[in-house]
Amino acid sequence: QVQLVESGGGLVQAGGSLRLSCAASGRTFSSYAMGWFRQAPGREREFVATIRSSGGSTYYVDSVKGRFTISRDNARNTVYLQMNSLKPEDTAVYYCAAALLVTIPTFEADYSYWGQGTQVTVSS
């Protein structure tokens, strides 16, 4: 069982930066690939980024490549999402999630555990 708690969301102007954090409970954090998803109002939840359990590989949706960076600290049981050059279209609730047995999980169904989400609002 893994419990995930996101933090770091807020209101930022376009072009600004935010860093989201996701703290995980449990002693098996390093066994899980971790991902970030987001859901904008009136839209389905979409994949944003994922990182392998060891942290050696990452994968991003095209719309955030070059602007967002996912990282993890297994000693702190925490995964991060550094978001730079934010755009109004990045406005959404951001969720972190944990996946077991899938190396580079990009689908919601790959993930077993989810956080409650944190709101990111980018003003123009």
Side-chain angles (χ1 to χ4, degrees):
Q1 186 80 3
V2 177
Q3 292 184 324
L4 304 171
V5 179
E6 301 97 334
S7 61
L11 173 65
V12 64
Q13 288 188 332
S17 298
L18 282 175
R19 187 175 83 155
L20 305 183
S21 299
C22 174
S25 65
R27 294 174 289 179
T28 59
F29 176 75
S30 61
S31 300
Y32 290 83
M34 298 297 296
W36 287 95
F37 287 73
R38 65 186 179 186
Q39 187 167 21
R43 302 187 65 176
E44 293 186 352
R45 189 156 55 184
E46 67 167 350
F47 167 80
V48 175
T50 187
I51 186 167
R52 289 186 66 171
S53 57
S54 64
S57 296
T58 57
Y59 186 79
Y60 301 89
V61 68
D62 285 347
S63 60
V64 308
K65 284 181 180 177
R67 300 189 298 123
F68 290 12
T69 302
I70 187 171
S71 62
R72 66 190 296 161
D73 184 340
N74 285 346
R76 296 178 183 270
N77 281 14
T78 303
V79 62
Y80 305 97
L81 186 68
Q82 177 67 44
M83 305 186 294
N84 299 327
S85 302
L86 282 160
K87 305 175 181 180
E89 50 264 43
D90 294 318
T91 294
V93 177
Y94 283 71
Y95 299 88
C96 74
L100 197 59
L101 303 179
V102 181
T103 302
I104 304 292
T106 61
F107 298 100
E108 286 193 52
D110 293 333
Y111 290 85
S112 302
Y113 302 102
W114 293 82
Q116 82 290 347
T118 185
Q119 177 71 47
V120 171
T121 303
V122 184
S123 64
S124 57

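Since the model is a prediction, treat every value here as computed from it, not as a measurement.
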> Of all residues at least two apart in sequence or in a different chain, which pass the ring-ring contact (aromatic ring centres under 6.0 Å, His included) check with F37?
Replying inline: F47, Y111, W114
> How long is the gap from OH on Y94 to CG on L18, to the nearest 0.5 Å?
Replying inline: 9.0 Å
> Can you list the residues that meet the salt bridge (Lys or Arg N to Asp or Glu O under 4.0 Å) rule with R19, with sequence neighbours excluded?
Replying inline: none
>> Is any side-chain heavy atom of T91 closer than 4.5 Å to one of Q119?
In response: yes
> Under the 3.5 angstrom rule, does the side chain of S53 hit a backbone N or O of Y32 as a donor-acceptor pair?
Replying inline: no
> What pairs of residues pass the disulfide bond (SG atoms under 2.5 Å apart) test when at least one of them lies in residues 11-103, not counting sequence neighbours?
Replying inline: C22-C96
>> For a 4.5 angstrom cut-off between non-hydrogen side-chain atoms, does V12 reach T121?
In response: no
>> Looking at every heavy atom in both T78 and R76, which two are closest together, and how far apart are they?
In response: OG1-O, 2.8 Å
> Is any side-chain heavy atom of T69 less than 4.5 Å from a side-chain heavy atom of L81?
Replying inline: no
> Distance-only, no hydrogens or angles: does the S25 side chain make a donor-acceptor pair with backbone N or O of Q3 under 3.5 Å?
Replying inline: yes
> Partners of R72 by salt bridge (Lys or Arg N to Asp or Glu O under 4.0 Å), sequence neighbours excluded?
Replying inline: none
> Do the side chains of M83 and V120 get nearer than 4.5 Å, heavy atoms only?
Replying inline: yes
N/O donor to acceptor pairs below 3.5 angstrom from side-chain atoms of residues 98-108, sequence neighbours left out:
residue : atom : partner : partner atom : Å
E108    : OE1  : R45     : NE           : 3.3
E108    : OE1  : R45     : NH2          : 3.0

> If you look at every heavy atom in S30 and N74, which pair is closest and at what distance?
Replying inline: CB-ND2, 3.6 Å
> Is atom OH of Y59 surrounded by more than 12 heavy atoms (other residues, nucleotides or ligands) closer than 6.0 Å?
Replying inline: no
> Got W36 and E6 here, is their nearest side-chain heavy-atom distance under 4.5 Å?
Replying inline: yes
> How would you list, by chain and number, every residue that makes a salt bridge (Lys or Arg N to Asp or Glu O under 4.0 Å) with D90, sequence neighbours excluded?
Replying inline: R38, R67
> Donor-acceptor pair, Y60 side chain versus I70 backbone, under 3.5 Å?
Replying inline: yes
>> Please give me the minimum heavy-atom distance between F29 and A24, naming the atom from each residue.
In response: CD1-CB, 3.4 Å
> Between Y80 and L20, is any pair of side-chain heavy atoms under 4.5 Å apart?
Replying inline: no
> Between S17 and N84, is any side-chain donor less than 3.5 angstrom from a side-chain acceptor?
Replying inline: yes
>> Strictly distance-based, threshold 3.5 Å: is any side-chain N or O of N77 a donor or acceptor partner for the main-chain N or O of G26?
In response: yes
> Taking all non-hydrogen atoms of both residues, which atom of A14 and which atom of S124 are closest, and how far apart?
Replying inline: CB-CA, 4.4 Å
